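For the numbers below, each heavy atom of this structure counts, side chains included, while hydrogens, waters and symmetry mates do not. From a predicted model like this one, the values you see are computed outputs, not experimental measurements.
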Amino acid sequence: MKNLMCTEAKQIDLVDYLASLGHLPQKVRNQDYWYLSPLRDEKTPSFKVNRQLNVWYDHGTGKGGNFVDFGTLYFNCSVTDLLQRLSQKQPAPAFSFHPPTPSGNQHPAPASFAGEKKDTPDSKIVILGARPLNEQSLLDYLQKRCIPVEIASHFCKEVDFLLYGKKHTVIGFQNNAGGYELRNENFKGSNAPKEITFVDNHTEQIAVFEGFFSFLSFCTINRNQQAPLTNCLVLNSLSFLEKSRPLMEQYKQVHLILDRDTAGRNHTLQALQWDGNKYIDRSDFYDNRKDLNDWLIQHRQSQRESQRIAKRL
C-alpha cells in the first residue's frame, strides 16, 4: 500500500481525526473547536482546533501546529512512522481531507469542509435512549465525584447518544425543555434544547446552582436533613441567570451557589446588584475551592485521611 505523503497528511481534517481517536469537542465557537487536551490530562478544555485553517494550539503547553505536528506528538513517533500509521488506515472512511489551502495572502475560499461541524447531521448529538443508572463506569465516576448513587439516581438517567457516528453512554441530567446535560469522566456536553432545571420543593426560598454536580453535592451534603430542601434552580449555563430572574424574584430569598471562577463570581455580583437583601452569596462556604462539588471531594478526602490516621493511633 502506498504511503501518504507529508503534504497529504497535513490535509487530513483534524476534527474528524480526533473523533476517530475518541476525542470529542467540549464546545464549538464558529470555526474553533475546543477539547480537553488529548496530549495531557486536564479538566478545562484548552486545546483548540481551528477547522477552517486545520491547525491546533494547546494553550496549556503553548504548542501548536498542523496535523503532522499533532500526530507525531500524540503517538510520540517520527514523521515517517506517522505517515506509515496513517497509510495503514486507508482507505477506511475514518476521517476526511481538506483541499489544499491557498498560499500567500489569499484567504481560504468558503467550502463545505470549512462549515461548522455542529451543522452536519453526524455531529449533532442524537439521544438513543435513557434508563436508570447502572453502567459500572458511570457509578465509578459518581463515586469519584463523591455523589451517592441513590441521590444521583433520583435526578439522573443513564443516557445513550450518538455523535460522529459513535455511541456513547453518559450520565444525563434533564432540563425543563427535555434536553440533557451529559457527563462522564471523558465527556462534558449537552443536547438541544438547552434550558434550566427547576426542582420545586414547595418552599419560600430557592438555591441557584451553575451546574448539576453542584446541585447533587448540595443534596448529598444535606441528605440527612429532615425538613424538605429549599427549591432548587440549576442554570445549566450562566447565560440563563438573567433569563431566570423573574422566577427567582418570586422567592423571599435567593441563595447563590455559583462557581468561584471569574464567570461565576461576575454573575454572582450581578445578582447581588439587583437586590442585596434578596440575593445572598453562599459561595463563602467553599471559598477555597472552585465549586461545591470540588469542596465536597476535598472534604471527603480529608475525612478519609483523618480516619486512616485515627486507626494508626
>> Run the side-chain contact (heavy atoms from CB on, under 4.5 Å) test on T268 and S283 for me, step by step, so that the C-alpha distance in whole Å, both residues' side-chain angles and the decisive distance to 0.1 Å come before the verdict.
In response: CA-CA 9 Å; T268 296; S283 68; 5.5 Å; no

> For the side chain of E8 and the backbone of M5, is there at least one donor-acceptor N/O pair under 3.5 Å apart?
Replying inline: yes

>> Check the orientation of F285 and W295. Use parallel for under 30°, tilted for 30 to 60°, and perpendicular for over 60°.
In response: tilted

>> To the nearest 0.5 Å, what is the distance between CG on L256 and CG on L233?
In response: 10.0 Å

>> Quick test of your reading of the model: are K63 and D69 salt-bridged, counting only N-O distances below 4.0 Å?
In response: no

> So how far is it from L238 CG to L235 CG, rounded to the nearest 0.5 Å?
Replying inline: 6.5 Å

>> Looking at every non-hydrogen atom in both residues, tell me the closest pair between M248 and Y279 and how far apart they are.
In response: CB-OH, 3.8 Å

> How about I297 and R145: do any of their side-chain heavy atoms sit closer than 4.5 Å?
Replying inline: yes

> Do NZ/NE/NH1/NH2 and the carboxylate oxygens of R51 and D16 come within less than 4.0 Å?
Replying inline: yes

> Is the shortest heavy-atom distance from the side chain of L216 to the side chain of C156 under 4.5 Å?
Replying inline: yes

> If you round to the nearest 0.5 Å, how far is CD of E135 from CD of E158?
Replying inline: 5.5 Å

>> Below 30° counts as parallel, above 60° as perpendicular, anything between as tilted: where do the rings of H59 and Y57 land?
In response: perpendicular

> Quick check: does any side chain N or O of N54 sit under 3.5 Å from a backbone N or O of N66, one acting as donor and the other as acceptor?
Replying inline: no

> Quick check, are the ring centers of Y141 and F213 under 6.0 angstrom apart?
Replying inline: yes

>> Quick check: closest heavy atoms across A177 and E195, and the distance to 0.1 Å?
In response: CB-CB, 3.7 Å

> Counting N and O atoms only, with roles assigned by atom type, does the side chain of D200 sit under 3.5 Å from a partner on the main chain of H202, one being a donor and the other an acceptor?
Replying inline: yes

>> Tell me which one of K188, K194, Q174 satisfies side-chain hydrogen bond (donor to acceptor under 3.5 Å, both in side chains) with E181.
In response: K194

> Is a donor on one side and an acceptor on the other found under 3.5 Å between the side chain of N293 and the backbone of S217?
Replying inline: no

> Got L24 and F187 here, is their nearest side-chain heavy-atom distance under 4.5 Å?
Replying inline: yes

>> Once you measure the plane-to-plane angle for H168 and F161, does it fall in the parallel (<30°), tilted (30-60°) or perpendicular (>60°) bin?
In response: parallel

>> Do V68 and W56 land in one hydrophobic cluster if side-chain heavy atoms of ILVMFWY residues count as linked below 4.5 Å?
In response: yes

>> Apply side chain to side chain donor-acceptor pair (under 3.5 Å) to residues N231 and Y251 and explain how you reach the verdict.
In response: CA-CA 9 Å; N231 286 6; Y251 294 88; 2.9 Å; yes

> For the residue pair A9 and L83, what are the closest heavy atoms and their distance?
Replying inline: CB-CD2, 3.6 Å

>> Measuring from atom OG1 of T220 to atom CD1 of I151, what distance do you get when rounded to the nearest 0.5 angstrom?
In response: 3.5 Å

> Taking it one step at a time, do S78 and T80 satisfy side chain to side chain donor-acceptor pair (under 3.5 Å)?
Replying inline: CA-CA 5 Å; S78 67; T80 301; 4.6 Å; no

> Quick one: are F215 and L292 in side-chain contact, heavy atoms under 4.5 Å?
Replying inline: no

>> Are V234 and I147 connected into the same hydrophobic cluster when the rule is that any two of I, L, V, M, F, W, Y join if their side-chain heavy atoms are below 4.5 Å apart?
In response: yes

> With a cut-off of 6.0 Å (strictly less than), are more than 12 heavy atoms of other residues, nucleotides or ligands near CG of D287?
Replying inline: yes

> Is any side-chain heavy atom of E242 closer than 4.5 Å to a side-chain heavy atom of Q270?
Replying inline: yes

> Which heavy atom in I127 sits nearest to a heavy atom in V159, and how many Å separate them?
Replying inline: CD1-CG1, 3.8 Å

> Counting only N and O atoms by type, is there a donor-acceptor contact under 3.5 Å from the side chain of S20 to the main-chain atoms of Y17?
Replying inline: yes

> Less than 6.0 Å separating the ring centroids of F155 and F173?
Replying inline: no

> Taking the side chain from S190 and the backbone from Y180, do they hold a donor-acceptor pair closer than 3.5 Å?
Replying inline: no

>> Consider side-chain contact (heavy atoms from CB on, under 4.5 Å). Of N186, L18, V15, which one does H23 pass it with?
In response: L18

>> Suppose we call two aromatic rings close when their centres sit under 6.0 Å apart. Are F47 and W34 close by that rule?
In response: no

> Taking a hydrophobic cluster as the set of Ile, Leu, Val, Met, Phe, Trp and Tyr residues connected by side-chain heavy atoms closer than 4.5 Å, whether directly or through intermediates, do V49 and L163 fall within one such cluster?
Replying inline: yes

>> Let me confirm one number: the SG-NE2 distance from C146 to H299, rounded to the nearest 0.5 Å.
In response: 9.5 Å

> Ignoring hydrogens and geometry, is there a side-chain-to-backbone donor-acceptor pair from D261 to G264 under 3.5 Å?
Replying inline: yes

> Is a salt bridge present between R260 and D294, judged by a nitrogen-to-oxygen distance below 4.0 Å?
Replying inline: no

>> Go through it in stages, so that I can follow the logic: the residues are T197 and N236, the test is side chain to side chain donor-acceptor pair (under 3.5 Å), and I'd like the CA-CA distance, side-chain angles, deciding distance and then a yes or no.
In response: CA-CA 7 Å; T197 303; N236 295 319; 3.1 Å; yes

>> According to a hydrophobic-cluster definition based on side-chain heavy atoms being under 4.5 Å apart (Ile, Leu, Val, Met, Phe, Trp, Tyr only), do F209 and W274 belong together?
In response: no

>> Go through it in stages, so that I can follow the logic: the residues are F212 and R183, the test is side-chain contact (heavy atoms from CB on, under 4.5 Å), and I'd like the CA-CA distance, side-chain angles, deciding distance and then a yes or no.
In response: CA-CA 10 Å; F212 76 87; R183 301 286 189 278; 3.5 Å; yes

>> Test salt bridge (Lys or Arg N to Asp or Glu O under 4.0 Å) on R265 and D281; report intermediate values, then the result.
In response: CA-CA 10 Å; R265 295 301 302 153; D281 180 12; 3.0 Å; yes

> Is there side-chain contact between L247 and E249, with at least one heavy-atom pair below 4.5 Å?
Replying inline: no

> Any side-chain heavy atom of L142 within less than 4.5 Å of one from I171?
Replying inline: yes

>> For K278, is there any backbone N or O sitting under 3.5 Å from a side-chain donor or acceptor partner on Q253?
In response: no

> Are the side chain of D58 and the backbone N or O of G60 linked by a donor-acceptor pair below 3.5 Å?
Replying inline: yes

> Stepwise, does the side-chain contact (heavy atoms from CB on, under 4.5 Å) test hold for L241 with H267?
Replying inline: CA-CA 8 Å; L241 181 68; H267 282 76; 3.6 Å; yes

> Is atom CD of E204 surrounded by more than 12 heavy atoms (other residues, nucleotides or ligands) closer than 6.0 Å?
Replying inline: no

>> Tell me if a side-chain donor or acceptor on D160 pairs with a main-chain N or O of G129 at a distance below 3.5 Å.
In response: no

> Shortest non-hydrogen contact from G172 to L182?
Replying inline: CA-CD2, 4.3 Å

> Is N191 close to V126 at the side-chain level, that is, under 4.5 Å between some pair of heavy atoms?
Replying inline: no

>> Between V79 and L39, is there shared hydrophobic-cluster membership here, with clusters defined by ILVMFWY side-chain heavy atoms closer than 4.5 Å?
In response: yes

> To the nearest 0.5 Å, what is the distance between CG (L162) and NZ (K167)?
Replying inline: 9.5 Å

> What is the minimum heavy-atom distance between A207 and T230, and which atoms define it?
Replying inline: CB-CG2, 3.8 Å

> Is there a side chain to side chain donor-acceptor pair (under 3.5 Å) between E42 and S46 once you walk through the steps?
Replying inline: CA-CA 8 Å; E42 66 173 350; S46 65; 2.7 Å; yes

